[in-house]
Amino acid sequence: MKNLFPLILCLFLFTGHIQANDGYKLWLDYQPIEHAELEQTVSELFSGIYFYGENPSYDIIQKELELASQGFLNKMPSYSSERFQGANLWVGTREELSQFLGLEHQAKIKALGEEGYWRGTIIHEGKNYYALIGNSPVATLYATFDFLKSIQSNTFDGSIEKSDFQKVKLRMLNHWDNLDRTVERGYSGFSIWDWHRLPGYVDPRYIDYARANASLGINAVSLTNVNANAWILREDFVEKVKVLADIFRPYGIQVFLTARFSAPIEMGNLETADPLDKQVQNFWKERVDMIYEAIPDFGGFLVKANSEGQPGPHEYGRNHAEGANMLADALSPHGGIVIWRAFVYSHEIDEDRHKQANLEFEPLDGKFQDNVIVQVKNGAIDFQPREPFHPLFGAVKETNLGMEFQITQEYLGQATQLVYLGTMWEEILQSKTYRPTASNTVAGIIDGSDSKQNLTLMAGVSNIGTDRNWTGHLFGQSNWYAFGQLAWDPDRSAEEVSEEWIKLTFGQKAEVHSKIKEIMLTSHEAAVNYMTPLGLHHLMGRSHHYGPGPWVEGGRADWTSLYYHRADSLGIGFDRTETGSGALEQYASEISQKWTNPKQTPEKFLLWFHHLPWDYEMQSGNTLWEEIGLHYDGGVKTAREMRTQWRQLENQIDSARFSHVDQLLGIQIEEAEWWRNSSLLYFQTFADRPFPESIEKPEGDLEFYKQQRFPFAPGIRPNW
Ligand code: GCU
């Protein structure tokens, strides 16, 4: 008998590795099925898989079913070469399976659109076949992922039909990844795009990245930083991009690049980048043709122009529409599009930066080509812990508007703190804009149901990097997940999405579910409370945006924390009513008229729109000063409670993930205390009032908190 020791050792090490869950597998961790009945059903289905055709997306489905079968059942699936004999699970498109679908059923599936799918049981000659049917091969892949999720979360039921379709056309990740692999505002390692070794070396991560995105229905990705480097448009870089595009294609993912507006000067040897200049137009046309030669389904360009020092059409006296349309003209023969960002902050403007996007874009309504989408951040300032929705939503009628959320937690504790963003995004998406019609919501504009725009987009600034668990903090994965699900359907409930993610990530135990759900659903409010409660904003340290810096002055007049909170001996807050900057008037009158009165402004936005005396009476009967104290203190208490809850799960979660989250929660509590103590001590210097009785008194002295604490925080962008 051969010596089995090395084999046993190997198995032992391998098993040990699985138990030490490092989070790499994300929500696609197919664990053994625990329920005997479900195991039996799945085992039967996987013992006779029949594909109705051949194409690259089906190859991917096959691989995914194999992975799942090994995980669920610890065996490989078997395939049937014949659709009836020995087949139990059918995989195909609506057209391929048309003979088994009645006309009405076919029409129903067709109505779900190119990416829509149906799954359910088809009975043929007395035998049941479970079918995964998409309107396209990629939609069939979506059906497959949904089917696998239902098994993983123990909800699969062969007698129930399910159909679904995308509500938003482009569901897109924006990577702020630089060509040197640093990631602007990235907190989970370096960029996963290994430009140096591409095109020759294909990192297996590219495939796992594509799988994860496809499992959520994410169908577009912009690979490079919006603060763009023109080199990505060079032929040798396009060769590298082509490799990624080829990998992503069968997963239904289209590739976009960021275009630096001054590229004609930097790489075309031209003296201008004026969008109305013939040579400039030719430069872009030639670049675009070259890209499409390599990547026939290239998506188009994402552009940050005339913002924070980036070049743009204003240098030549042209407006955003003229700049965007020039690129749109180059792309449209190939079916490409331009995504033009509305995040415009110029150095010069010293009035309320809240107003700048509306001031620049409203007059251009109707002037953008059809293949242009204006991508708008969720709020008018900059991904703050909480913002009211951006007033551009609803203010234009003939411009395609897309949403830009930030998945990477630049202002929300980065990859150190547990903050589930689903609830924040839901709050934005469900906000009523009252324009153009009374029932309009932000979601209705984004998915076109209210705005009637055909080209729809939801983008999320990615939180992905080379860290083994992809997102730095394990719970960062829930934000990637929630983004994908809300992009697929902006009306989905954030709570439901959190439940789904927990089941896929942590399995079936009821206590694990309820505790983690509680942690997730309270986490955003907690962070808002200990960072910027009651509508305060932009109080963080200048460059890193991580810890508190309400005292930070210097630099540009419109970029200081003092500019935003405006605390003085009389009160605190930013007056954006007509007695102040007037930014409130950029909203529909239903909002602006109501919120001009602080008593009718939701308290969560109070100091966003009003400068109020410290003794202003809040709904609770407390003074404003007291309420600020209670919110800061409440945030700290919730952070502590999150850890208490987590610790009760110690024996129910594998030790690697338990300890990872536990340690980070420890840091989160310290940070929450730091935020509370420093902010309250600082604001007290203006308020000159005692702290409310019921709160824990901030310790230490302000000077101590003012020291530079995070000089080398990751993800900081280069100075501009
Ligand atoms: C924020 C962020 C920058 C980023 C900018 C943008 O200001 O701090 O790093 O470049 O947003 O969205 O363009």
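Throughout, numbering of the chain's residues begins at 1 and tracks the sequence. Just so you know, ligand 1 is whichever comes first in the structure, and atom 1 is the first atom listed for that ligand. Heavy atoms only: backbone and side chains are in, while hydrogens, waters and symmetry mates are out.
- When every heavy atom of Arg234 is checked against every heavy atom of Arg287, the shortest pair comes out as CA-NH1, 3.9 Å.
- Some N or O of Lys377 is nearer than 3.5 Å to an N or O of ligand 1, by distance alone.
- Only side-chain heavy atoms of Asn227 come within less than 4.0 Å of ligand 1; its backbone N, CA, C and O stay farther off.
- Those atoms of ligand 1 that come under 4.0 Å of a heavy atom in His545, given as number and element, are 8 (O).
- Tested against Gln384 for a side-chain contact (heavy atoms from CB on, under 4.5 Å), the candidates Met531, Met540, His545 yield a single pass: Met540.
- No side-chain N or O of Glu387 forms a donor-acceptor pair with one of Tyr411 less than 3.5 Å apart.
- Using a cutoff of 4.0 Å between basic side-chain nitrogens and carboxylate oxygens, Glu427 and Arg386 are scored as salt-bridged.
- For ligand 1, the atoms sitting less than 4.0 Å from at least one non-hydrogen atom of Asp382 are 1 (C), 7 (O), 11 (O), numbered in the order shown with element in parentheses.
- Within the structure, salt bridge (Lys or Arg N to Asp or Glu O under 4.0 Å) pairs that include any residue of residues 668-678 comprise Asp633-Arg676, Arg640-Glu673, Glu671-Arg709, Arg676-Glu696 (at least two apart or interchain).
- Ligand 1 places these atoms under 4.0 Å from at least one heavy atom of Arg185: 2 (C), 3 (C), 8 (O), 9 (O).
- Heavy-atom distances between Gln310 and ligand 1 stay at or above 4.0 Å for every pair.
- Only the side chain of Trp176 comes within 4.0 Å of ligand 1, counting heavy atoms alone; its backbone N, CA, C and O stay farther away.
- Not counting sequence neighbours, the partners of Ala228 by the side-chain contact (heavy atoms from CB on, under 4.5 Å) test are Thr258, Arg260.
- Separation of the Phe683 and His565 ring centroids falls under the 6.0 Å cut-off.
- Short contacts between ligand 1 and Glu184, defined as distances under 4.0 Å to a heavy atom of the residue, involve ligand atoms 3 (C), 4 (C), 9 (O), 10 (O).
- Closest of all the heavy-atom pairs between Phe237 and Ile232 is CB-O, 3.6 Å.
- Taking 4.0 Å as the cut-off, Gln406 does not count as a neighbour of ligand 1 on heavy-atom distance.
- Distances between N or O atoms of Glu404 and those of ligand 1 include no value under 3.5 Å.
- Residue-to-ligand polar distances keep Tyr411 apart from ligand 1: every N/O pair is separated by 3.5 Å or more.
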